[in-house]
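The structure appears right after this line, and notes come after that.
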Amino acid sequence: MEITPEVHDKIRQIEEKFNAINQKTETHLEGLLWSKPITYWDYIQTDALLNLQIQRTTLPDEMVFIMYHQVNELLFKMILWEIGQVAHAEKMATEFFTERLMRISRYFDMLTTSFDIMGDGMEVEQYLKFRNTLTPASGFQSAQYRMIEFASTDWINLIDQRFRATIDRNASYDQAFEHLYWQAAGKDYKTGEKSYLLKEFEKKYKKQFLSQMEEYNTLNLWRKFKQLPEKDQLNPDLIAAMRHYDKTVNITWVMGHYNAAVKYIESVPGNHEATGGSDWKKYMLPKYQRRIFFPELWSKEELERWGE
């Protein structure tokens with residue numbers, strides 16, 4: 001092969017790259033002699049991915065349920081990846097913020113339009129049988145979803161509305177954590193007793209959640225939006241994009257989840273508890289908890305009618 005000026009330039013760039021990290025270029029070049037060409041299945045880890053679906057029953061539609069939720073978790077990871085880029089950008093350019101916000105919104109749009117898979121993709125009879133083997137696990141225990149909330153807004157907006165008047169941003173993260181809106185799904189506020197569902201969730205993730213609350217306290221999407229030039233903060237298209245994300249996550253997505261749950265959980269008479277034992281209606285319905293990421297972008301009337 002002819003050593004063209006372009007090849008010489010690539011070698012020079014490679015040399016600069018490895019010199020910068022105190023590595024020998026010739027060692028890495030020799031390593032290329034013995035490396036295998038990459039394949040799609042190795043790069044994507046297809047075999048590992050397709051072996052992560054482990055049923056607890058013999059009912060075929062349980063596989064639909066498992067895979068659907070795993071897809072959700074992968075999309076949650078994509079959302080957190082994008083928010084992380086915005087949060088840790090040293091200089092917040094409006095174009096970069098807007099482009100990443102649209103990516104995040106598209107991921108959630110995909111999530112919200114996917115509920116037909118749950119709503120129409122399983123036999124009710126099968127679901128009602130295999131759901132009993134899932135107790136006390138619950139979708140409530142999706143840690144990544146909580147992290148998306150912490151990364152999207154000031155944590156004060158995630159406080160149970162019953163306690164917002166007595167808790168402000170100067171409260172400790174521990175105190176705030178105990179009054180987050182989703183605590184209502186696993187805590188008896190009269191006795192203070194937490195359900196097994198909530199205890200296990202906190203045992204696994206509480207330290208990580210507190211760390212996330214602290215990390216995104218000043219770096220969440222709302223705070224990064226407020227770093228943009230004032231004229232850009234007033235841009236109607238950007239405001240509309242922010243409102244779309246807020247409504248999609250806190251109303252459209254939640255109601256899609258709620259309606260799917262109603263179809264299956266309330267399809268037969270009797271006790272209608274979620275698998276984790278939570279009061280799922282008061283936990284899920286937006287009009288009860290009124291979780292709103294960007295309240296300053298909504299009118300007084302819109303806030304009062306949130307989720308209706």
Side-chain angles (χ1 to χ4, degrees), residues 44-46 48-57 59-84 100-124 126-127 130-131 133-153 158 180-182 185-186 197-198 200-201 204-205 208-209 212 221 244-265 274-276 278 280-281 283-286 289 291 293:
I44 301 299
Q45 291 292 293
T46 310
L49 188 63
L50 298 182
N51 278 284
L52 295 175
Q53 295 76 44
I54 311 299
Q55 289 189 240
R56 292 176 61 86
T57 73
L59 299 163
D61 280 355
E62 186 193 359
M63 185 62 81
V64 176
F65 188 83
I66 292 170
M67 287 191 285
Y68 177 76
H69 284 83
Q70 288 184 346
V71 169
N72 281 357
E73 291 295 334
L74 286 173
L75 283 165
F76 290 162
K77 186 172 183 177
M78 292 172 74
I79 291 165
L80 286 168
W81 184 260
E82 302 292 356
I83 295 178
R100 289 304 187 275
L101 177 64
M102 296 312 296
R103 288 190 189 185
I104 295 163
S105 290
R106 283 194 294 271
Y107 299 149
F108 252 108
D109 286 341
M110 183 176 175
L111 284 165
T112 57
T113 57
S114 71
F115 274 110
D116 285 348
I117 295 171
M118 286 285 287
D120 300 321
M122 298 186 299
E123 293 180 8
V124 173
Q126 287 193 43
Y127 173 79
F130 74 69
R131 77 183 292 264
T133 71
L134 308 181
T135 304
S138 168
F140 168 95
Q141 295 171 316
S142 171
Q144 288 196 113
Y145 187 73
R146 305 300 163 208
M147 293 175 189
I148 289 171
E149 293 179 321
F150 295 141
S152 294
T153 188
L158 303 175
L180 292 170
Y181 79 89
W182 44 264
L197 164 85
L198 186 55
E200 289 300 299
F201 191 43
K204 173 72 174 175
Y205 292 112
Q208 194 172 349
F209 287 157
Q212 189 91 351
L221 283 178
H244 174 78
Y245 175 64
D246 202 351
K247 182 179 179 180
T248 299
V249 178
N250 292 311
I251 296 181
T252 313
W253 151 262
V254 175
M255 289 306 300
H257 197 172
Y258 172 81
N259 289 331
V262 166
K263 173 176 179 177
Y264 290 102
I265 296 176
T275 51
S278 63
W280 56 281
K281 287 189 176 181
Y283 156 62
M284 293 182 70
L285 284 174
Q289 290 299 340
R291 43 197 181 273
F293 288 162

Can you tell me how far apart [atom1] ([X]) and [atom2] ([Y]) are? Round to the nearest 0.5 Å.
X      : Y      : atom1 : atom2 : value
Leu74  : Met67  : CG    : CE    : 12.5 Å
Ile104 : Leu75  : CD1   : CG    : 12.5 Å
Ile148 : Thr153 : CD1   : OG1   : 13.5 Å
Tyr68  : Glu73  : OH    : CD    : 11.5 Å
Gln55  : Met63  : CD    : CE    : 4.0 Å
Phe115 : Met255 : CZ    : CE    : 11.0 Å

Set of residues satisfying side-chain hydrogen bond (donor to acceptor under 3.5 Å, both in side chains) with respect to [X], sequence neighbours excluded:
X      : value
Thr252 : none
Thr133 : none
Thr57  : Glu62
Asn250 : Asp246

Step by step, work out the side-chain contact (heavy atoms from CB on, under 4.5 Å) result for Tyr145 and Asn72.
-> CA-CA 10 Å; Tyr145 187 73; Asn72 281 357; over 6 Å; no
Let me see the working for Leu59 and Asp61 under side-chain contact (heavy atoms from CB on, under 4.5 Å), right down to the final yes or no.
-> CA-CA 6 Å; Leu59 299 163; Asp61 280 355; 5.9 Å; no
side-chain contact (heavy atoms from CB on, under 4.5 Å) involving [X] - partner list, sequence neighbours excluded:
X      : result
Asp120 : Asp116, Lys263
Ile54  : none
Gln208 : Met147, Tyr205

For the residue pair Phe150 and Ile83, establish whether any side-chain heavy-atom pair is separated by less than 4.5 Å.
-> no
Does a side-chain heavy-atom distance below 4.5 Å link Arg146 with Gln141?
-> no
Pairing residues for Glu200 by the salt bridge (charged side-chain N to carboxylate O under 4.0 Å, His left out) criterion, not counting sequence neighbours = Lys203
Tyr127 ring center within less than 6.0 Å of Phe130 ring center | yes
Is the centre of the Phe201 ring less than 6.0 Å from the centre of the Phe209 ring?
-> yes
Passes side-chain contact (heavy atoms from CB on, under 4.5 Å), Gln126 versus Arg131? Steps please.
-> CA-CA 8 Å; Gln126 287 193 43; Arg131 77 183 292 264; over 6 Å; no
For Leu197 and Pro136, work out which heavy atoms get closest and say how close.
-> CD1-O, 3.6 Å
Taking every non-hydrogen atom, the tightest pair across Met122 and Val64 | CG-CG1, 4.0 Å
Take the angle between the ring planes of Phe76 and Trp253 and call it parallel below 30°, perpendicular above 60°, tilted in between.
-> perpendicular
Can you sort out the partners of Tyr245 under ring-ring contact (aromatic ring centres under 6.0 Å, His included), two or more places apart, ordered by chain and number?
-> Phe293
Sequence neighbours excluded and cut-off under 3.5 Å, please list the side-chain donor-acceptor pairs for residues 106-113, or say none.
from, atom 1, to, atom 2, distance (Å)
Tyr107, OH, Glu82, OE2, 3.3
Asp109, OD1, His244, NE2, 3.0
Asp109, OD2, His244, NE2, 3.3
Thr112, OG1, Phe108, O, 3.2
Thr112, OG1, Asp109, O, 2.9
Thr113, OG1, Asp109, O, 3.0
Thr113, OG1, Met110, O, 3.2

Would you say the side-chain atoms of Arg291 pair up with the backbone N or O of Glu149, donor to acceptor, closer than 3.5 Å?
-> no
